[in-house]
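All values below come from the heavy atoms of this structure, side chains included, with hydrogens, waters and symmetry mates left out. Order of the sequence lines fixes the chain letters, A, B, ..., with proteins taken first and strands second; residue numbering starts at 1 for each chain.
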There are 2 protein chains.
Amino acid sequence: MVPPAIAPRRRAPLDRRRILEAALRLIDEHGLAELSMRRLGAELDVQAMSLYRHLPNKQAVVEGVRDLIFTELAQLRPAATEEESWDAGLTAMARAFRGICRRHPHALVLFATDVDRAYAASSSFYEPTLTSLVGAGFTEDDAADAVRIVVRYVLSSELLTAAVTTTPNPLTNEEVTRLGEQRPLTGHLVRSLRTRPPATLEDPGFALIVAGLRARLPSR
Amino acid sequence: MVPPAIAPRRRAPLDRRRILEAALRLIDEHGLAELSMRRLGAELDVQAMSLYRHLPNKQAVVEGVRDLIFTELAQLRPAATEEESWDAGLTAMARAFRGICRRHPHALVLFATDVDRAYAASSSFYEPTLTSLVGAGFTEDDAADAVRIVVRYVLSSELLTAAVTTTPNPLTNEEVTRLGEQRPLTGHLVRSLRTRPPATLEDPGFALIVAGLRARLPSR
DNA sequence: ACCTGAACACCGTTCAAGT
DNA sequence: ACCTGAACACCGTTCAAGT
């Protein structure tokens, strides 16, 4: 009845899932550019070369992380109910999608590839909105276009915002004044950049798209 | 009357402008990720270390390239005429802006920073469109928002498109069929990804924004 | 004044070797 | 079976040295 001699284990054994979760953690915290095989190894208390036992190369790591996020989106679900109007449903979908974008701002570039798999992996997320659009009188084609345009709008806006938020070297007040004398309306626009930052334009921009869709809806 | 002895020169002397133009050339041809100080040196028949005589570091190279493109945009001018309607002018502006995006797809990320300087450097490009919007009855604020929303829409769409265009591992027909059985409308959407690729959605999406703006215009 | 060679601290990845 | 050390070909950048 000697208990089996278990070697004291310093750490959990490496596996694909643990590696990918650590990679997502690193990306969320420090950005995609900071992800290196050596750092990822260090995060897991392992030499970088050990990772190659479980994943063929760095690209495979990045793709694995992307799939992890797709799965997360599928879990989400806009609070769309049956009686909800099509525009409220579309808005809820856009907000939820934006939510997941903002949880992983550094990983957004990964959303741009394998779009068909992204929609398929998160079909439970998209289907209610599409149903409500078709119920409101849009054709299946127009409903698909509407959802795709909205998803593209949110994703690309977030991508742009995530690309850079800082303006390291802003125009001085004198420069803005001089611009305003030469081109008054562009001067006004540049001043508006300060009072209304990019983030405050995303909802108005989205509202324009919805208004455009409404104008296009066959009168009931 | 001895002619001054001119040492035979293997190459033009290095200067900031020549370096930046070579960098833009490399970015346009091979992408931002492929730009390295060593490659840039090689392109100019010089050791990488020589570049540091003219530019403090790699970031300065990248910022210099961005300014080069801003200047290029300022030269452009939408063919807006006085009698043109506001929506035709806005559309022309969007098309011209998209044109410059497509000339430097690999450099698009650089557009996301120093937005105020970008508008100021290209004010001659934006002012006519803004004038036409205000002439049509939009307030200065609404005109500024309209232009900013459109510029953001075009830039972010192009950014998303440039991020990745390939789908290395597309869904098989069986996978799409199975999806269609479970979620018919998402299935339809995924099928539409093939018949109507992303590029064909940019103009409809932009048309929705214009339609939304029109709905918002105070009735004359 | 302008360019370079050697060096440092980083990459991703391969491969033979350790346990 | 799983992990590692040494090595290779790359980075950006510094600094003392060459012309």
Inset, instruction - Using modelled atom types only, decide if a donor and an acceptor are shared between the side chain of T113(B) and the backbone of L110(B) within a distance under 3.5 Å. - result: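 No.
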Output the rounded distance in Å from [atom1] ([X]) to [atom2] ([N]).
X: R53(A); N: dA17(C); atom1: CZ; atom2: C1'; result: 12 Å
X: D45(A); N: dC3(D); atom1: CG; atom2: P; result: 12 Å
X: Y52(A); N: dG12(C); atom1: OH; atom2: P; result: 7 Å
X: R39(A); N: dG12(C); atom1: CZ; atom2: C1'; result: 15 Å
X: L55(B); N: dC2(C); atom1: CG; atom2: P; result: 14 Å
X: L51(A); N: dG5(D); atom1: CG; atom2: P; result: 14 Å
X: L14(B); N: dT4(C); atom1: CG; atom2: C1'; result: 13 Å
X: M37(B); N: dC3(C); atom1: CE; atom2: C1'; result: 14 Å

Side chain of [X] - closest among [options]:
X: Q47(B); options: dT4(C), dT4(D), dG12(C); value: dT4(C)
X: M49(A); options: dG12(C), dC2(D), dG5(D); value: dG5(D)
X: S50(A); options: dC2(C), dG5(C), dC3(D); value: dC3(D)
X: N57(A); options: dT13(C), dC3(D), dG12(D); value: dT13(C)

If [N] has a Watson-Crick or G-U wobble mate with both distances under 3.5 Å, name it; if not, just say none.
N: dA17(C); value: none
N: dC8(C); value: dG12(D)
N: dC3(C); value: none

Inset, instruction - Report yes if at least one side-chain N or O of S36(B) is closer than 4.0 Å to OP1 or OP2 of dG12(D); otherwise report no. - result: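 For dG12(D), OP1 or OP2 has a side-chain N or O of S36(B) closer than 4.0 Å.
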Inset, instruction - Would you check, one step at a time, whether the test side-chain contact (heavy atoms from CB on, under 4.5 Å) holds for F125(B) with F70(B)? - result: CA-CA 11 Å; F125(B) 175 77; F70(B) 285 173; over 6 Å; no
Inset, instruction - Would you classify L40(A) as touching base, sugar-phosphate or nothing, given that sugar-phosphate means primed atoms plus P, OP1 and OP2, and contacts are heavy atoms under 4.0 Å? - result: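 It contacts nothing in the nucleic acid.
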Inset, instruction - Classify the side-chain pair E72(A)/H104(A) by whether it contains a donor and acceptor separated by less than 3.5 Å. - result: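 A pair is found: one side chain offers a donor N or O, the other an acceptor, under 3.5 Å apart.
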Inset, instruction - On the 0 to 90° scale, with breaks at 30° and 60°, tag the Y126(B)-F97(B) ring pair as parallel, tilted or perpendicular. - result: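 Rings of Y126(B) and F97(B): tilted, as their planes differ by 30° to 60°.
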Legend entry - From CA spacing to verdict: side-chain contact (heavy atoms from CB on, under 4.5 Å), R148(B), L193(A): CA-CA 9 Å; R148(B) 288 177 61 197; L193(A) 294 172; 3.3 Å; yes
Inset, instruction - Take R38(B) and K58(A), find for each the nucleotide of DNA chain C with the closest heavy atom, and name the residue whose nucleotide sits nearer the 5' end. - result: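 Comparing both residues, the 5'-ward one is R38(B).
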